[in-house]
Amino acid sequence: MVISVILFLAFLVGPTSVASSDTFSPHDEYLLDCGATAIATLAGGRKFKPDQLMGSFLSSKQDIKISVPFADVPLPIYLLSARIFVEESVYSFPIKRSGWHWVRLHFYPIKNPKFNLQDAEFAVSADNLVLLHSFNVHNNSQWILKEFLVNVTTTKDFSLKFSPMKNRMAFVNAIELVSAPNSIITDVGSSLDPVGNFSGLESFSYQTLFRVNVGGPLISSQSDPLGRTWTTEEAFIRDKLFAKSVSVSPSAVTYSKEEYELIAPRSLYASASQTADYRTNSMFNITWNFDMELAFGYLIRVHFCDIVSHSLHELLFNVYINGKTAISALDLSTETGNLSVAFFKDIVVNAKLVPDNQLTLQVGPMNHQNGSLDAILNGVELFKMKNLVNSLDEEFHVNGGTKSIARSNWNTAAIVGFTLLLGALVFLASIVFKFHCLLLFGGGDNIEEESPLNTVSNEVAPTMTVNNSLGSQKKWLHSSGMEFSRCFSFSELQKATNNFDEKLKIGEGGFGSVYGVEIDDGTKVAVKRGNPMIEQGIHEFKNEIETLCKIWHKNLLRLIGFCAENLEMILVLEFVSGGTLRDHLYGKNMPTMTWKQRLEICIGAANGLDYLHRGTGIIHRDVKTSNILLDETNGSFTAKISDFGFSKNAPIIGKSHVTTVVKGSAGYLDPDYFRTEKLTLMSDVYSFGVVLFEVLCSRPAFDGKLPEEQIKLADWALQCKRKGLLHDIIDPVLVGVIDPESMKIFVETAEECLAEHGVKRPTMTKVVWQLEKALQLQGKTEEESGTSVAAIASPGVGTVPTTSTSTNPPVSQPDEI
Ligand SMILES: *[C@@H]1O[C@H](CO)[C@@H](O)[C@H](O)[C@H]1NC(C)=O
Ligand SMILES: *[C@@H]1O[C@H](CO)[C@@H](O)[C@H](O)[C@H]1NC(C)=O
Ligand SMILES: *[C@@H]1O[C@H](CO)[C@@H](O)[C@H](O)[C@H]1NC(C)=O
Ligand SMILES: *[C@@H]1O[C@H](CO)[C@@H](O)[C@H](O)[C@H]1NC(C)=O
Ligand SMILES: *[C@@H]1O[C@H](CO)[C@@H](O)[C@H](O)[C@H]1NC(C)=O
Ligand SMILES: *[C@@H]1O[C@H](CO)[C@@H](O)[C@H](O)[C@H]1NC(C)=O
Ligand SMILES: *[C@@H]1O[C@H](CO)[C@@H](O)[C@H](O)[C@H]1NC(C)=O
Ligand SMILES: *[C@@H]1O[C@H](CO)[C@@H](O)[C@H](O)[C@H]1NC(C)=O
């Protein structure tokens, strides 16, 4: 929204007085005014041609266009018409020269009597790259610009495909496809966690999220040699008192290399925000905040130009990203050799550093007594990096909803990961170790048998070598989240766990013991050590790594690294402070949880499973309350599903199930699966239904000490429900507190999940919706009834943020299998 408002301003402002001497003549330049009948000439001289004139570019069976003579607010003329697609349609652009290209898509839902463009929902892909997955303008009636930077490698035509979702339409008002200079991206940047060089930036594609002229005015697309818009910092800067704007004449700015002139215009470097004198002699940072998306890596380009110093080496400051030092002791004079010379730096940030959608950029003085207290920033750009399924929007591959495509690519991604992994292992190997690799990774056993493994993709997974206190380590990219998993040495983990000290043990699983320890930088982790004597353990270990490598979600326990040395099998996992859901519900005398807390935990866990099912096509196979861990911060719980040792890829297309040996835990086992030995995603849904009743009743799913009819909670609860006696078995602390409507929808959901036959059960997506409804209903009664109920709920319990998909509820529900 911010972007649209600013764009609108950009249009009003028009060309600024800053004449740019830096020019660039693109080899390819297509400016299309979609659905228009006449050429739209802009103030700056750029001409948007009707896509009709370029008729041969568009292959579409329909010819639906709309246009309006004028808009309520001043807008560029090319927004006043649009082309509408009710079926998949493709624009093909002949490419003169391959290399970087800007793709800019303009959306403006024109009000017209025929179509409500706010209802449109669609995907856009460029060759095999997903640009938008299920894009929807919602009730936003403003101009939305989506800008992408894509390395066009095809020698044939470049295609831009618009695919409406089922029963919806797609539209677009204008398209720009313009060559960008090669120098726009340099291959090596610095990475923040771990600190090191990051190479491979040229192999990514990008979406521009923010582009800010810090401390200065808006720079419109007409004033930028590459047609970029630079917004003001207004919407991002946190405490304006701490910063003052400074500016010089753009002609004072120089570049150290000619090719840098296109990186950003002089006018960007000619203004900055500088530390204000507001609290003389005290040190403080200037801070900017940006809203980001979950589970993507980002490229952050910071621009500096020392326009404030009177002599060299006066300025010395730090740059922080989300609290971590991104650039330490930056001395622009040393970097550039003079004052007023443009300088920029690329910093790669992985998803782990952006855990709650917020990115904070800070500049502040160095921590020493007599230095300058100043810091500056001239500009910043934030780009989203495509993930390993070649998408810039969620975890779906080009063919959108079809899971199988996404899955096969996940597999190729995993193969790439494993190729690298094997490489790294061999690289580190001793003979014994190699033998072990064979044992561990060789012999395609039952795990892969049903995976649609095709050719290894030519996807480049950049690798990175980092030297730190622990010596040289190989790290590699393994998931969409750009998370690096790390190969730990056995001695390192032996030291960290104090030689696997019993006192540090925090859990015991079928697979081995779990220790809670700190590693190098004080990060708390859970070290899970398998028992190599159990052959089953090897399968589970391998399976768990393989699954963990493919997933990234805040409600699924994260893999940090592993060690496969000396016949050891050790996983290093995210540390979760609050214990298991089971322990909170019964048996451990922990403080009872409110209904709202329970609902939030269930929603979190359901979101995690939904992601697992839809995003990766993996069946967990062991969903139970003791595998749902709770991360506690300030009385608020985040559910994290753990233990992927049994997980399995869901059946491939054309095959409705996987036949396997039945595995699972007593009380949670899907009777349909038990009978048929045919595994589907719906088996997880059944187990989740049991979890829901467990949460409601605070008793184990299976309790052999109880009378026969009560042993299995699933059966007993359904029996009570049918007799209308549910109130007798729910957790007594909830009686009178639960809103009856909230309970009704909760119980109905649980009952649907426990349907005898898999096909009758809801998808996890639906379960999430229904639980969110139950939470809303509970929230409503608590507001109405005042404090009595709210007082029980611990403070700080907010609504659990839903997955990244929830803002665009998917129209096409995953087909049940
Ligand atoms: C739609 O607009 C209404 C009011 O203008 C707002 O409350 C609501 O949140 C908007 N919905 C979306 C999905 O943006
Ligand atoms: C674009 O990709 C091709 C093939 O991966 C590569 O050879 C070329 O250097 C890239 N171009 C740029 C400008 O990075
Ligand atoms: C990163 O790359 C730069 C230049 O390419 C080099 O000078 C520097 O030593 C590298 N740093 C590390 C940690 O490898
Ligand atoms: C600036 O921010 C960083 C990271 O958030 C912090 O470590 C540092 O102490 C701050 N500096 C000052 C002077 O507040
Ligand atoms: C630094 O910039 C000033 C002003 O532009 C110029 O006169 C001077 O020659 C430059 N010094 C160096 C070492 O380039
Ligand atoms: C602090 O100032 C003293 C004298 O002005 C100087 O010798 C010293 O190098 C300065 N320290 C730093 C860290 O700049
Ligand atoms: C890492 O350290 C090793 C040995 O200490 C050295 O040979 C290697 O060049 C270093 N790598 C980098 C990228 O600095
Ligand atoms: C937890 O509470 C403390 C003190 O109230 C606060 O500073 C901190 O930011 C809170 N943490 C989270 C994650 O909400």
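Being a predicted model, the structure only gives us computed values, none of them experimental. Counting starts at 1 for both ligands and their atoms, following the listed order. What's counted below: heavy atoms across the whole structure, side chains too, no hydrogens, waters or symmetry copies.
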Can you tell me if Glu518 has over 12 outside heavy atoms packed within less than 6.0 Å of its CD? yes
Heavy-atom nearest neighbour in the protein, as seen from atom 3 (C) of ligand 5, with distance rounded to 0.1 Å: Asn338 ND2, 3.6 Å
Is there a heavy atom of Gly323 sitting under 4.0 angstrom from any atom of ligand 4? yes
Could any protein non-hydrogen atom be found less than 4.0 Å from atom 5 (O) of ligand 5? no
Could an N or O of ligand 4 be found under 3.5 Å from any N or O of Gln362, whether backbone or side chain? yes
Looking only at side chains, do Glu293 and Asn357 share a donor and an acceptor under 3.5 Å apart? no
Might you work through the side chain to side chain contact (heavy atoms under 4.5 Å, CB included) test for Phe317 and Ile376, ending with a clear yes or no? CA-CA 8 Å; Phe317 60 96; Ile376 61 165; 4.2 Å; yes
Is there side-chain contact between Arg266 and Tyr255, with heavy atoms separated by less than 4.5 Å? yes
